[in-house]
Participant: 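Handing you this structure, nothing more for now.
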Amino acid sequence: MRQSSLVVVANRLPVNDNVALDGACEWRRSPGGLVSALHPLLRHTPATWVGWAGGTGPAPTLPDVDGVRMHTVPLTGDDLRDHYEGFANATLWPIYHDAVEQPEHHRRWWDAYQRVNQRFADATAEVAEPGAVVWVQDYHLQLVPGLLRAMRPDLRIGFFLHVPFPPPELFMQLPRRAELLRGMLGADLVGFQRAQAAHNFAQLVTKVLGLPATDRRIGVDDRMVRIGAFPVSIDTAEMSALASRPEVADRARRLRHDLGSPEQVILSVDRMDYTKGIEQRLKAYSELLTDGHVKVRDTVLVQVAVPSRERVGQYQILRERVEREVGRINGEFGRVGEPAIHYLTQPFDRAELAALYRVADVMAVTPLRDGMNLVAKEYVAARVDDAGALLLSEFAGAAAELPQAYLVNPHDLEGLKQGLLAALRAEPADVQERMRAMRAHLREHDIRAWARSYLSTLDQSGSLLSRLTGG
């Protein structure tokens with residue numbers, strides 16, 4: 001069994017579902033997200049990624065990808081239903097996103113969550129070399145740090161939560177709140193996207209577990225667990241370079257032509273999720289059309305909504321509602337060859353996505369709640385022409401870093417409409433000034449800065465940090 005000095009542990013492996021005829025795998029990178037964040041880092045050091053490969057049954061053996069070993073953890077049909085679709089995405093996900101949808105609680109879901117977390121911990125303990133750094137990712141695996149520490153106290157364990165961490169009054173609804181907190185406290189460092197999340201966590205461990213805590217440190221037995229905010233970012237240089245390619249610029253021009261050469265293009269790129277504010281955005285756009293503030297021939301909306309968690313009932317219902325609303329708006333306001341909304345549900349490769357970013361005069365990123373939202377950062381990085389207006393929800397983590405965006409409250413329909421109009425009608429000089437400021441911030445606070453900040457806190461020797469960030 002080959003072992004690694006760095007082990008990333010996440011619910012999914014970062015590879016496409018199909019292995020090519022020659023046995024090769026490729027990174028599976030959706031807009032934003034965990035893989036896009038970690039992919040640039042893991043090419044610099046030998047590492048193992050522990051995760052589920054998709055599907056049910058025995059774990060397949062996968063080849064290395066860019067030198068990163070893929071170690072698969074199997075899930076049964078019951079695991080998929082009760083752990084992934086159940087406890088992770090129908091209990092924790094809504095609680096962590098302000099209970100936009102009502103969370104569900106079932107005892108068999110908790111049993112499955114424990115069972116799967118133990119399986120991930122066992123797999124990690126097997127592949128981690130003595131004294132290795134283990135980096136556990138996100139809400140699916142909150143018990144893994146504690147389980148792993150019990151088996152392998154020699155490891156340096158980090159946990160990072162990519163989604164928001166809720167205020168105490170919401171988290172207290174969870175029947176297994178104490179076990180979840182203890183699981184996270186198995187880490188040496190617990191990282192969050194925003195300082196408020198670390199504050200919420202500190203309050204809860206004091207209230208629920210009676211532990212001494214500040215917003216930076218928590219005393220656990222004879223250990224000190226560090227906590228803090230480490231806002232995740234993107235490979236700014238990579239996206240900027242991609243968007244600068246002549247073929248991407250040519251593709252952007254063709255896309256604009258295919259859209260009917262409108263005066264302005266509004267773009268949204270989301271997973272199909274009730275936290276993303278898609279329905280509110282469509283309603284705001286519909287009312288702007290009704291009021292005559294926006295005309296279809298002059299302005300078009302491109303809505304990319306990549307299907308997500310399609311077996312979960314709430315997501316099936318959401319997709320039906322969104323598609324019904326898109327159909328209504330196109331039926332009422334579109335013309336032959338001129339739809340009001342270009343609605344796309346397929347994933348896009350990186351070059352096509354960069355071209356879409358280059359086309360968009362306004363990028364509408366208006367989630368009801370989001371840990372960070374890397375799509376907003378990708379858009380800014382792609383605007384190498386310093387053009388384009390970013391309409392951004394106050395409740396996305398990115399809003400704290402990009403205050404020059406046109407910030408809106410997506411729960412306030414009138415405010416959302418006014419924000420969209422402000423972005424559409426902004427003077428080019430104002431748009432350029434805002435975009436330049438945001439681009440300057442992202443160049444300084446890119447994915448390597450995020451890794452440097454987190455790993456310098458976790459890995460006290462500094463050797464891993466040096467390899468991951470190129471020195």
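If you're wondering where the values come from, they're calculated on a predicted model, not measured in any experiment. What's counted below: heavy atoms across the whole structure, side chains too, no hydrogens, waters or symmetry copies.
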Participant: Quick one, Lys283 with Glu287, criterion salt bridge (charged side-chain N to carboxylate O under 4.0 Å, His left out). Give me CA distance, side-chain angles, the key distance, then yes/no.
Facilitator: CA-CA 6 Å; Lys283 185 170 181 58; Glu287 291 194 6; 3.6 Å; yes
Participant: Report the relative orientation of the aromatic rings in His441 and His445; use parallel for angles under 30°, tilted for 30 to 60°, perpendicular for over 60°.
Facilitator: parallel
Participant: For side chain to side chain contact (heavy atoms under 4.5 Å, CB included), just list the numbers for Thr48 and Leu6, CA-CA rounded to whole Å, side-chain angles, deciding distance to a tenth of an Å, and then say yes or no.
Facilitator: CA-CA 7 Å; Thr48 295; Leu6 171 64; over 6 Å; no
Participant: Would you say that His293 contacts Gln418 through its side chain, given a criterion of any heavy-atom pair below 4.5 Å between the two side chains?
Facilitator: no
Participant: Is it true that a side-chain atom of Asp361 and a backbone atom of Gly388 form a donor plus acceptor pair closer than 3.5 Å?
Facilitator: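 No, because the side chain of Asp361 does not come within donor-acceptor range (under 3.5 Å) of the backbone of Gly388.
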Participant: With a 4.5 Å limit on heavy-atom distance, are the side chains of Trp49 and Val7 in contact?
Facilitator: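 Side-chain contact under 4.5 Å: no.
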Participant: Over 60° means perpendicular and under 30° means parallel, so classify the ring planes of Trp52 and Tyr84, tilted if in between.
Facilitator: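 Judged by the thresholds at 30° and 60°, the geometry between Tyr84 and Trp52 is tilted.
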Participant: If you take all heavy atoms of Ala355 and Leu255, which pair is closest and at what distance?
Facilitator: CB-CD1, 3.9 Å
Participant: By the definition side chain to side chain donor-acceptor pair (under 3.5 Å), identify the one residue from His411, Lys276, Glu394, Arg281 that meets it with Thr366.
Facilitator: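 For Thr366, the side chain to side chain donor-acceptor pair (under 3.5 Å) check succeeds only for Arg281.
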Participant: So do the side chains of Leu180 and Tyr113 get within less than 4.5 Å of each other, counting heavy atoms only?
Facilitator: yes
Participant: Indicate yes or no for a side-chain donor-acceptor contact from Ser240 to the backbone of Ala382 under 3.5 Å, with no hydrogens or angles considered.
Facilitator: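 A pair under 3.5 Å: no.
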Participant: Crowded around Arg328 CZ? As in, over 12 foreign heavy atoms under 6.0 Å?
Facilitator: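 Atom CZ in Arg328 is packed in, count exceeds 12.
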Participant: Under 3.5 Å, side chain of Ser268 to main-chain N/O of Ala364, donor-acceptor pair present?
Facilitator: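 Yes, the answer is positive, given that a donor and an acceptor are paired below the 3.5 Å cut-off.
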Participant: Output the distance between atom CZ (Arg156) and atom CG (Leu189), rounded to the nearest 0.5 Å.
Facilitator: 8.5 Å
Participant: Looking only at heavy atoms, what is the nearest atom pair of Val408 and Pro410, with distance?
Facilitator: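 So the two residues come closest at O-CD, 3.5 Å.
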Participant: Take Arg69 and Asp64 through the salt bridge (charged side-chain N to carboxylate O under 4.0 Å, His left out) test and state the conclusion after the steps.
Facilitator: CA-CA 5 Å; Arg69 181 186 173 216; Asp64 294 359; 5.7 Å; no
Participant: Do the rings of Tyr139 and Trp93 sit parallel, tilted or perpendicular, given the 30° and 60° boundaries?
Facilitator: tilted
Participant: Are the side chains of Asp270 and Val306 in touch, meaning some heavy atoms are under 4.5 Å apart?
Facilitator: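 Heavy-atom side-chain distance check fails, nothing below 4.5 Å.
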Participant: In terms of relative ring orientation, are Phe230 and Tyr454 parallel, tilted or perpendicular, with 30° and 60° separating the classes?
Facilitator: perpendicular
Participant: Can we say Glu378 and Arg350 salt-bridge, meaning some charged N sits less than 4.0 Å from an Asp/Glu carboxylate O?
Facilitator: yes
Participant: Start with the C-alpha distance between Phe171 and Phe201, add both sets of side-chain angles, then the distance that settles ring-ring contact (aromatic ring centres under 6.0 Å, His included), and finish with yes or no.
Facilitator: CA-CA 9 Å; Phe171 191 88; Phe201 183 70; 8.1 Å; no
Participant: Taking Asn89's backbone N and O only, do any of them form a donor-acceptor pair with His140's side chain (distance below 3.5 Å, no angle check)?
Facilitator: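 Judged by distance alone, no pair lies under 3.5 Å.
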Participant: Under 3.5 Å, is there a donor-acceptor pair between the His199 and Asp215 side chains?
Facilitator: yes
Participant: What is the distance from atom CZ of Phe395 to atom CG of Asn409, rounded to the nearest 0.5 Å?
Facilitator: 4.5 Å
Participant: Has the side chain of Arg358 got a donor or acceptor atom that lies under 3.5 Å from a matching backbone atom of Ala243?
Facilitator: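 A pair under 3.5 Å: yes.
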Participant: For the pair Phe160 and Trp450, name the ring-plane relationship: parallel under 30°, tilted 30 to 60°, perpendicular over 60°.
Facilitator: perpendicular
Participant: Checking the side chain of Asp98 only, and the main-chain atoms of Val100 only, is there a donor and an acceptor separated by less than 3.5 Å?
Facilitator: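 Between the backbone of Val100 and the side chain of Asp98 there is no qualifying donor-acceptor contact (under 3.5 Å).
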Participant: Nearest heavy-atom pair of Arg439 and Val380: which atoms, and what distance?
Facilitator: NH1-O, 2.9 Å
Participant: Under a 4.0 Å N-O cut-off, is there an ion pair linking Asp250 with Arg245?
Facilitator: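 Looking at Arg245 together with Asp250, the answer is no, because their closest N to O distance does not fall below 4.0 Å.
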Participant: Is there a side-chain contact between Val365 and Ser393 in this structure, where contact means two heavy atoms from C-beta onward sitting under 4.5 Å apart?
Facilitator: no
Participant: Between Asp273 and Thr275, does any side-chain donor sit less than 3.5 Å from a side-chain acceptor?
Facilitator: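 Yes, Thr275 and Asp273 have a side-chain donor paired with an acceptor closer than 3.5 Å.
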Participant: Take Ile266 and Met363 through the side chain to side chain contact (heavy atoms under 4.5 Å, CB included) test and state the conclusion after the steps.
Facilitator: CA-CA 6 Å; Ile266 306 166; Met363 183 77 197; over 6 Å; no
Participant: As an exercise, state the distance from CG of Leu424 to OG1 of Thr299, rounded to the nearest 0.5 Å.
Facilitator: 6.0 Å
Participant: Using modelled atom types only, decide if a donor and an acceptor are shared between the side chain of Asn330 and the backbone of Ala340 within a distance under 3.5 Å.
Facilitator: yes
Participant: In Å, rounded to the nearest 0.5 Å, how long is the span from CZ of Arg297 to CZ of Phe333?
Facilitator: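 The CZ atom of Phe333 is 16.0 Å from CZ of Arg297, to the nearest 0.5 Å.
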Participant: For the residue pair Val8 and Gln137, establish whether any side-chain heavy-atom pair is separated by less than 4.5 Å.
Facilitator: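 Yes, side chains in contact.
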Participant: So does Asp446 get a backbone contact from the side chain of Thr236, meaning a donor-acceptor N/O pair under 3.5 Å?
Facilitator: no
Participant: Mind checking the CD1-CD spacing from Ile447 to Glu238? Nearest 0.5 Å is all I need.
Facilitator: 11.0 Å
Participant: Can you name the nearest heavy-atom pair linking Pro307 to Met272, along with the distance?
Facilitator: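 Closest approach of Pro307 to Met272, heavy atoms only: CA-CB, 4.1 Å.
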Participant: Ring-plane angle category for Tyr357 and Tyr379, please: parallel below 30°, perpendicular beyond 60°, tilted otherwise.
Facilitator: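 Perpendicular: the ring planes of Tyr357 and Tyr379 meet at over 60°.
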Participant: Do Phe159 and Gln142 come within less than 4.5 Å of each other through their side chains, counting heavy atoms only?
Facilitator: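 Yes, close enough: below the 4.5 Å cut-off.
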Participant: About how many Å separate CZ of Arg324 and CG of Leu282, when rounded to the nearest 0.5 Å?
Facilitator: 12.5 Å
Participant: Do any N or O atoms from the side chain of Asn200 and from the backbone of Phe165 form a donor-acceptor pair under 3.5 angstrom?
Facilitator: yes
Participant: Just wondering, are more than 12 heavy atoms of other shown residues or ligands nearer than 6.0 Å to CD in Glu247?
Facilitator: yes
Participant: List for me each residue that meets side chain to side chain donor-acceptor pair (under 3.5 Å) alongside Arg254, sequence neighbours excluded, and say none if there are none.
Facilitator: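 Partners of Arg254 by the side chain to side chain donor-acceptor pair (under 3.5 Å) criterion come out as none, since no residue qualifies.
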Participant: Are there more than 12 heavy atoms of other residues, nucleotides or ligands under 6.0 Å from atom CD of Gln346?
Facilitator: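 Buried by this count: over 12 neighbours within 6.0 Å.
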Participant: Give the C-alpha distance, both sets of side-chain angles, the deciding distance and a yes or no for side chain to side chain contact (heavy atoms under 4.5 Å, CB included) between Lys377 and Glu401.
Facilitator: CA-CA 10 Å; Lys377 293 187 173 185; Glu401 294 186 82; 2.7 Å; yes
Participant: Do you know the tightest heavy-atom contact between Gln193 and Ala229?
Facilitator: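 For Gln193 versus Ala229, the nearest heavy atoms are O-CB, 4.2 Å.
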Participant: Kindly give the heavy-atom pair with the smallest separation between Ala360 and Leu267, and that separation in Å.
Facilitator: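 In terms of heavy atoms, the two residues are closest at CB-CB, 3.5 Å.
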Participant: Can you name the salt bridge (charged side-chain N to carboxylate O under 4.0 Å, His left out) partners of Arg443, sequence neighbours left out?
Facilitator: none
Participant: For His83 and Asn11, what are the C-alpha separation, side-chain angles and deciding distance, and is it a side chain to side chain contact (heavy atoms under 4.5 Å, CB included)?
Facilitator: CA-CA 11 Å; His83 163 262; Asn11 176 64; 4.0 Å; yes
Participant: Tell me, yes or no, whether the heavy-atom count around Gln173 atom CD, taken from other residues, nucleotides or ligands under 6.0 Å, exceeds 12.
Facilitator: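 Above 12, so yes.
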Participant: Kindly indicate whether the side chain of Val300, heavy atoms from C-beta on, has any atom under 4.5 Å from the side chain of His342.
Facilitator: yes
Participant: Checking Asp385 against Gln432: is there a side-chain donor and acceptor pair closer than 3.5 Å?
Facilitator: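 Absent: no donor and acceptor within the cut-off.
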